[in-house]
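Counting convention: from 1, in listed order, for ligands and their atoms alike. Scope of the values below: all heavy atoms of this structure, side chains included, with no hydrogens, waters or symmetry mates. One-based numbering along the sequence shown.
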Amino acid sequence: MKIPFLSFSSRNLDLKSESLKLFEDFFDSEYYVLGKFTKQFEEDYAYFSQTKYAVGVSNGLDAIHLALKSLGVTFGDEVIIPSNTYIATALAVTYTGAKPVFVEPDEHTFNINPEQIEKLITDRTKVIIPVHLYGQPCEMDKIISTARKYDLSVVEDNAQAHGAKFKGQVTGSFGDINATSFYPSKNIGALGEAGALTTDNESLAEKVKMFRNYGSRERYYNEVIGYNNRIDELQAGILTVSLKYIEKWTFERQKIASWYFECLKNVSNIELPKIVNGAVHVYHLFVIKVERRDDLQKYLNEKGVGTLIHYPVPPYLQKAYEHLNYKRGHFPIADKLSNSCLSLPLYVGLQKEQIQYIASVITDFYDK
Ligand SMILES: *Cc1c(COP(=O)(O)O)cnc(C)c1O
């Protein structure tokens, strides 16, 4: 059996005919930037996120960056982020001139440990960025209450958790202003690059609209040093179509995850994802912690199963962040996760027999 790590074929089947029609409409509209498709998508994504406003932008990294810009984060500030996130979270902080301050995750949920945040807050701290890693929401009640206590803003990095919920509330609606990505592999994926911000705060939404469009509210008048971070009009159209399917796709992802839990529950050399009380996980990734990770990955590959590692090197050990002067071992939980986690295939269209096959290969590996 051959099971690639990722395939879009099943999702594309849902989207194809509507997307081709949409392309024709787009093509004939002769209006290719911030037009009616963007407007529709922003309305629909705000509704999906249960926020008053959504603003489409170029990608997820730019979305986090603009969220921080809209909050006035600048040189000398500090921004708290998890030590085991994708590099984008750290880079967006660095772009503003602020310093990323890393907080260790809970090693069983992979998400930022809310109990560890407070001791890292200084009088320079401005923002906390919880990342809903792999599709599981962070414990937002604790994070928001810490933020309130110290008068900090919260920006959710919701790139991996479209539609996830914590205690009944959807991710992307907790923070002051929140960022997401629609990179093709995300749960809602564009056919290229796109991202968005969500907020209930009209003034922050207006600021982001200004920053994404050259710092201009009125054409040819520039109030601030802005950027070209506009969402691509065609991607906005495609995303509007995708939004009609996200509930169905999420349900399917959760079903596939439940097969993994069922088939892998008796394998003693691995640890399955732990779901926090009150969390609805949307399984952007199915990440297990395993013994002899690299050998298992090789074995799975020989048996036709594609896997990836999210992520092999934590941001604090990247060459790009050498100047922060951290030594290996400074964030032992991030290190441990980077050495033991393995992402198994999980995407719309996978069948139970395929999950059973993957589980049997893993079982064989440890039986040998
Ligand atoms: C994908 C991702 C991003 C960045 O999104 P891009 O659209 O690729 O810029 C940011 N944060 C996390 C956690 C991500 O997974």
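Residues passing the ring pair (Phe, Tyr, Trp, His ring centres under 6.0 Å) test with Tyr366: none are found, sequence neighbours excluded. Among residues two or more places apart in sequence or in another chain, the salt bridge (Lys or Arg N to Asp or Glu O under 4.0 Å) test is passed with Asp141 by Lys167.
Judged as a ring-ring contact (aromatic ring centres under 6.0 Å, His included), the pairs with a partner in residues 137-171 (not counting sequence neighbours) are, in order, His162-Phe182.
Applying the ring-ring contact (aromatic ring centres under 6.0 Å, His included) test between Phe110 and each of Phe286, Tyr134, Tyr311 identifies Tyr134 as the sole match. Glu252 pairs with exactly one of Leu346, Val348, Leu350 by the side chain to side chain contact (heavy atoms under 4.5 Å, CB included) rule, that one being Val348.
Side-chain N or O atoms of Lys126 include none that pairs as donor or acceptor with a backbone N or O of Leu71 at under 3.5 Å.
Pocket lining of ligand 1, defined as residues with a non-hydrogen atom under 4.0 Å away: Asn59, Gly60, Leu61, Ile64, Tyr86, Ala88, Val131, Asp157, Ala159, Gln160, Ser181, Tyr183, Lys186.
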